Amino acid sequence: MTLQRPRGTRDFLPDEMEERRALEGGLRRIAGQWGYREIGTPAFEDAELFTIRSGEGIIHEMYAFEDKGGRLMALRPELTAPVIRLYLNEARVSKKPIRWFYFGNCFRYERPQKGRYREFWQFGAELIGMDCAGTDAEVVMLAQALLCATGITFSLQIGHLAFMQKTLSGLDPETRRRVRALIDKRDKDSLEALLDGREDDVLSRITALASCTDLEDAFAISGVTDERDRILEVFSLLDAGEVSYTLNPGIARGLDYYTGMVFEAFAQNLGAENQVMGGGAYRLAHLFGGEDTPSCGFGIGFDRVMASRGVREPSPSLKVAVIATPEGRTWAVKVAAAMRSSGLTVISDHSDRSIGSRIGGAVGEAAIVAIIGGREAADLSVTLKDLASGVQTTLPLSEAVTMVVSRGPCG
RNA sequence: GCCAGGGUGGGGUAGUGGUUAUCCUAGGGGACUGUGGAUCCCUCGACCCGGGUUCGAAUCUCGGCCCUGGCCCCA
């Protein structure tokens with residue numbers, strides 16, 4: 001038996017790889033238009049970088065290992081922590097706000113299923129060092145612009161932690177933590193069991209908030225006043241940016257470092273693993289020993305976006321197949337080089353069959369064949385045959401190149 | 001970690017205990033050598049792994065691995 005690829009990983013053949021690169025390129029271009037610049041971080045880091053953020057428990061869900069120096073390392077399971085680490089190491093005195101985006105593979109030791117792999121790719125953006133309604137709105141608008149560009153159908157939900165925090169403010173910290181986790185899980189039964197018998201109406205308020213989609217209702221139910229102006233401004237900016245979203249004050253986010261606005265997007269046509277984007281405003285830098293720094297960012301599940309897009313026809317490109325007879329081979333090398341210098345994609349046919357069968361073999365692979373035999377080699381010309389139309393002409397090299405270039409892409 | 005369904009050449013398949021494992025497709029080689037995937041010939045190549053039952057296992061059985069989907073988790 002041949003060796004197998006590791007569980008939960010994938011190989012990409014050229015068709016799929018081209019699609020992935022095309023999508024990647026589109027996302028990079030848009031992030032660039034918003035003034036975000038790409039950064040890169042190592043594939044592995046000190047495991048501590050991730051356990052500080054998410055707790056010791058996640059060590060079992062990471063590819064963690066001891067290196068030869070006895071250090072506990074981990075393949076990165078996500079990219080937000082590395083980005084903040086990079087910021088603290090290299091850029092804390094940079095002009096604020098910092099706008100960065102990233103695209104990279106991440107690794108988690110989990111059971112594979114649809115939309116979940118042990119190696120997966122994330123595209124994300126972070127805005128670091130400024131915290132206002134304008135930055136909150138910008139980050140959400142960027143996320144939406146990126147997702148729209150992928151062509152998938154998704155729903156965007158936006159909330160703010162203030163609603164739930166205010167609603168839960170009467171509870172002791174431990175109960176509050178458990179309630180938040182249960183809300184995140186949407187575990188209604190356990191929630192009722194935990195809060196049953198309380199004098200206040202916390203349970204009913206939580207339930208009302210979770211199903212509330214109107215901003216004024218959310219303020220009324222939760223009693224939020226301090227952050228009201230900020231929240232209203234964010235949403236009015238989002239409306240001005242024509243972002244289509246659903247308000248979801250029930251987004252709780254179990255993690256403590258999220259501070260304000262939170263948002264998520266779900267693809268319409270995926271199974272259980274349908275969240276394609278998640279993000280929010282957070283403060284993480286102080287956990288890593290830096291100065292307390294506000295940030296706002298999101299991550300897009302690249303593989304889930306690919307899955308949601310489904311299989312697409314590869315885009316056609318203009319390719320030239322160079323078919324040479326033994327007498328034409330030397331000249332054919334020069335012809336191919338000249339064509340490539342002009343930006344064309346050229347495939348040299350090195351087989352030794354009849355011209356006829358080689359033309360046949362080029363059908364479906366190339367749009368044009370260049371036939372180079374003794375006659376062409378003798379007068380430094382090229383015979384071009386358009387496989388779609390069957391039209392054939394013999395021209396001097398420079399004219400032949402010009403003609404192919406002007407033809408443009410085709411199937 | 002749990003549940004369900006799966007695993008036969010590169011891809012797709014036939015095969016309910018019995019010859020040399022079927023067929024399609026793809027790949028390689030040859031004939032053909034200045035014009036459309038042709039044709040003809042040759043060829044490579046598989047029962048996921050291991051134990052058990054049996055005279056005999058792709059087939060029955062147990063364990064593992066892997067795949068697909070779901071649960072848990074989801075930073």
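Naming: A, B, ... by sequence-line order, numbering from 1 per chain. Worth saying up front: this structure is predicted, and the values here are computed from it rather than measured. The figures that follow rest on heavy atoms only: side chains count, while hydrogens, waters and symmetry mates do not.
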Classify [X] by what it touches in the nucleic acid, base, sugar-phosphate, or nothing, heavy-atom distance under 4.0 Å.
X	answer
A:Glu376	base
A:Gly8	sugar-phosphate
A:Leu387	base
A:Gly278	nothing
A:Gly374	base
A:Gly356	sugar-phosphate

Find the distance [X]:[atom1] to [N]:[atom2] and express it as a whole number of Å.
X	N	atom1	atom2	result
A:Gln113	B:C72	CD	P	10 Å
A:Glu273	B:C74	CD	P	11 Å
A:Tyr117	B:C73	OH	P	22 Å
A:Glu78	B:A75	CD	P	10 Å
A:Glu56	B:C73	CD	P	20 Å
A:Arg358	B:G36	CZ	P	14 Å
A:Glu61	B:C72	CD	P	14 Å
A:Glu110	B:C71	CD	P	14 Å

[N] and [M]: how far apart are their [atom1] atoms, nearest whole angstrom?
N	M	atom1	result
B:A14	B:C48	P	14 Å
B:A46	B:G52	P	25 Å
B:C67	B:C44	P	32 Å
B:G5	B:A21	P	31 Å
B:U61	B:U54	P	16 Å
B:U43	B:U53	P	40 Å
B:G12	B:G27	C1'	15 Å
B:G11	B:G7	C1'	15 Å

Looking only at the side chain of [X] (C-beta and beyond, no hydrogens), which of the listed nucleotides [options] gets closest?
X	options	answer
A:Ile355	B:C74, B:U35, B:G37	B:U35
A:Ile371	B:A75, B:U35, B:C65	B:U35
A:Ile359	B:G1, B:U35, B:C65	B:U35
A:Ser354	B:C32, B:G70, B:C74	B:C32

Measuring to OP1 and OP2 of B:U33, would you say a side-chain N or O of A:Arg353 lies under 4.0 angstrom away?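 For B:U33, OP1/OP2 do not have a side-chain N/O of A:Arg353 under 4.0 Å.
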
Below 4.0 Å: OP1/OP2 of B:A75 and any side-chain N or O of A:Arg108: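 No.
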
Consider only side-chain N and O atoms of A:Glu291 and A:Thr293, and report whether a donor and an acceptor are under 3.5 Å apart.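 Judged by distance alone, the side chains do not pair up.
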
Determine which nucleotide pairs with [N], using a 3.5 Å limit on both distances of a Watson-Crick or G-U wobble pair.
N	answer
B:A46	none
B:U54	none
B:U68	B:A4

Centroid-centroid under 6.0 Å between A:Phe107 and A:Phe44 rings: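 Ring centres of A:Phe44 and A:Phe107 not closer than 6.0 Å.
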
Donor-acceptor pair under 3.5 Å: do we get one between A:Gln392's side chain and the base of B:U35?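 Answer is yes: a donor-acceptor pair is held.
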
Closer to the 5' end of RNA chain B via nearest nucleotide, is it A:Ser389 or A:Asp352?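 Result: A:Asp352.
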
Using the side-chain contact (heavy atoms from CB on, under 4.5 Å) rule, pick out the option among A:Val346, A:Thr345, A:Ile368 that qualifies with A:Met339.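 So the option named by the test is A:Val346.
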
Report the relative orientation of the aromatic rings in A:Phe123 and A:Phe103; use parallel for angles under 30°, tilted for 30 to 60°, perpendicular for over 60°.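 Judged by the thresholds at 30° and 60°, the geometry between A:Phe123 and A:Phe103 is tilted.
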
For A:Phe235 and A:Tyr245, take the angle between the two ring planes, folded into 0 to 90°, and tell me which bin it lands in: parallel under 30, tilted 30 to 60, perpendicular over 60.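 Ring orientation of A:Phe235 relative to A:Tyr245: tilted.
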
Walk me through it: do A:Glu273 and A:Arg116 pass the test salt bridge (charged side-chain N to carboxylate O under 4.0 Å, His left out)? CA-CA 7 Å; A:Glu273 301 290 327; A:Arg116 173 188 286 184; 3.4 Å; yes

Show the nearest heavy-atom pair for residues A:Glu110 and A:Glu61, with the distance to one decimal.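 Shortest heavy-atom contact: OE2-OE1, 4.5 Å.
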
